[in-house]
Amino acid sequence: MSPTRPSFRDVVTRLEREGVLLSLAKEVDARHLSALVVKADRPVLFERVRGFEMKVAGGLFWNRRRFATALGWPDSELGTRFAAGARAMIDPELVPSGPAQEVVKVGGDVDLTELPIPLLAERDGGPYISAGVVIARGDRGLNAGCYRLMYRTRDETGIDLVTVSDLRRLYEAWLARNEPLPISVSIGVHAIEILSAAYKAPLGVSEMAIAGGLHGAPVPLVRCRTVDVPAIADAEIVLEGHLLPIGWTEDEGPFGEFAGMYGDLKSNPVLKVTAITHRRDAIFQLLQMPWENAWLGAAATEAQVWNALRTAGVDVVDVAVTEGSACRWSVIASIRKRAGGGKNALMAILALPDTKHALVVDEGIDIHDPTEVEWARTFCVQADKDVIVIEGAQAKHVDPSVRPWELAKGQLPMTAKMGIDATIPEGIPPMFYERIRHVWLDDVKLEDYQ
Amino acid sequence: MTAGALADRMAALLRARPRTFYELLRELDDVEYRAILQAWGALRERRALGRDEHGRYLLRA
């Protein structure tokens, strides 16, 4: 028998036990879920939502610390743990049954309004399911990804398939045959499974096998009741259905996206839901934009930076994405520098497709402390010597500063990248950077005087 | 109020001027959220919803 790994339910229980979950017993209006998740200083479990039988959990990935806590990892090890786990893939395991199918509703009993699907942002095109792991069967095995689903009717949602993805490629192939593509959507799964699904794995690599590697145990999958695709066996809720072969024809969005700005109204396909299965006491997970989605990309980005720096021969100490850059556009790294190593590190980081800004500091700087980083940027940098700018690099449309609206149809945006070498410059004796140290710091205890 | 009647009320609001889903929700403060989801589904099934250039909903003529 394979080793087991914790489920979403286990994580919620653990957070409750550790006292880091805010459980609200008072009945809430589903209109207010979004605002309450934003205002809470920790993850929230809404035990009673008016008009719904399901509980709601949100805010589990709102910042680095909460995301790491949900994963069960030290928060300084997102990138290194992801890189190591992703190398040690373990294939998912098909199991005969799972709690995700304790309640099964098919055909005319399908009713998405049983789910407390919240409206997240003011300009959103409707309520959104934001924490779904979509599984489809591809030519080279199972494909998993995270896709937002906009509520349309009791058995239909929109799905954003505008961006290039494996699911989009699959959908195009089925669309060409005028056939509906069967998929499952698992909602309320372990953070590792969402993290892995959000990762753009190389072609032929199963995201659920990566999740298995990160867990150190296979992800249990169960056969769906109405479509030939599996779903995560201990998910809280599973939607089964087909992406209709209608192409990009139905309105979807706008949506407050991971970069903290609205994406446009789009034309997209539709998911026709053929079954809803769930636990008897299911918890609906909401991923609140932008940070809960942004943090999903953090571990993979940090892992890429670690790999790039090591490949470039840089002695890397620590790597961190910054939250304000949606956890991918801006990267800070600390290194043990050899002469010229700061610039080498910048070139390696900026070679990655998503990275727009890079800052490199010496090993003594705590890159998770903004004051320390600011100190290095202020006192180690001469802008004419230590700032490098690379013009005409690959960019993404979501960044308004690349003026995507000025591009011709099909033309890809480009950006300027910037690197700041905030390591102590060559030629300046380290004594000039000696930090003050307060007297008797190791000998005096505040408690002795309280 | 039935989902159909509430959908009619939503249609009247959208006929008056284009609205975001949020603006519609704010107009229907007296209605339970789930009833709004049900009525919204009923309204969509009438295939009468359109959008303006800002993504706001309107009723197609």
Side-chain angles (χ1 to χ4, degrees), chain A residues 27-35 46 48-54 56 110-129 150-158 246 249-257 261-268 270 272-273 284 405, chain B:
Chain A
E27 186 179 73
V28 299
D29 187 328
R31 287 172 174 82
H32 301 156
L33 291 171
S34 175
F46 300 96
R48 292 168 60 220
V49 183
R50 191 178 309 145
F52 299 92
E53 289 185 10
M54 293 181 185
V56 174
V110 168
D111 184 1
L112 287 167
T113 73
E114 288 181 357
L115 276 53
I117 308 172
L119 181 70
L120 298 176
E122 290 184 356
R123 278 187 51 210
D124 283 3
Y128 268 90
I129 297 169
M150 186 182 83
Y151 172 75
R152 287 171 60 88
T153 71
R154 55 188 283 134
D155 63 355
E156 278 185 7
T157 75
I246 56 174
T249 58
E250 294 293 324
D251 62 294
E252 189 275 332
F255 184 63
E257 304 235 28
M261 295 166 278
Y262 288 99
D264 291 336
L265 169 66
K266 296 172 179 173
S267 292
N268 262 311
V270 163
K272 188 80 172 175
V273 180
F284 178 90
W405 58 89
Chain B
M1 189 184 283
T2 64
L6 184 53
D8 288 342
R9 193 174 155 196
M10 288 175 165
L13 286 165
L14 295 178
R15 198 171 289 116
R17 68 171 173 82
R19 284 175 160 89
T20 61
F21 190 85
Y22 177 55
E23 288 169 332
L24 209 52
L25 260 186
R26 293 211 74 127
E27 295 281 354
L28 300 167
D29 219 22
D30 55 322
V31 184
E32 278 216 2
Y33 186 77
R34 185 168 176 200
I36 288 172
L37 294 187
Q38 290 164 337
W40 185 246
L43 186 56
R44 265 213 179 267
E45 282 168 352
R46 294 178 189 173
R47 309 290 298 176
L49 286 177
R51 303 284 200 119
D52 71 4
E53 68 273 24
H54 303 292
R56 294 178 300 199
Y57 288 97
L58 47 79
L59 272 198
R60 287 200 201 112

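Values reported hereafter were calculated over all heavy atoms of this structure, with side chains retained and with hydrogens, waters and symmetry mates removed. It should be emphasised that the depicted structure is a prediction, and the values quoted were computed from it without experimental measurement. Here is the naming used below: chain letters follow the sequence lines, and residue numbers restart at 1 for every chain.
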For this session: Determine whether more than 12 heavy atoms belonging to other residues, nucleotides or ligands lie under 6.0 Å from atom CD of A/Glu27.
Result: yes
Problem set entry | Minimum-distance pair of heavy atoms, taken over all atoms of B/Leu37 and A/Pro127 | CD2-CG, 3.6 Å
Exercise. Mind checking which of residues 47-58 of chain B sit less than 4.5 Å from chain A, heavy atom to heavy atom?
Worked result: B/Arg47, B/Arg51, B/Asp52, B/His54, B/Gly55, B/Tyr57
For this session: Give, as side chain, backbone, both or neither, the part of A/Asp264 having an atom under 4.5 angstrom from any heavy atom of chain B.
Result: neither
Problem set entry | Separation of A/Thr113 OG1 from B/Gln38 CD (nearest 0.5 Å) | 4.0 Å
Problem set entry | chain B contact via A/Asp251 - side chain, backbone, both or neither, heavy atoms under 4.5 Å | both
Exercise. Quick one: CD on B/Glu45 to CD on A/Glu156, what's the gap to the nearest 0.5 Å?
Worked result: 7.5 Å
Exercise. From A/Leu119 CG over to B/Thr20 OG1, what is the distance, rounded to the nearest 0.5 angstrom?
Worked result: 8.0 Å
Problem set entry | Residue list, side-chain contact (heavy atoms from CB on, under 4.5 Å) with A/Lys266, at least two apart or on another chain | A/Arg148, A/Asp160, A/Val162, A/Glu252, A/Glu257, A/Asn268
Seminar exercise, completed: The interface call for A/Leu112 against chain B, heavy-atom contacts under 4.5 Å, is neither
Problem set entry | Toward chain A: residues of residues 25-34 of chain B with heavy atoms under 4.5 Å | B/Leu25, B/Leu28, B/Asp29, B/Val31, B/Glu32, B/Tyr33, B/Arg34
Exercise. Listed by residue number, which members of residues 5-14 of chain B have a heavy atom under 4.5 Å from any heavy atom of chain A?
Worked result: none
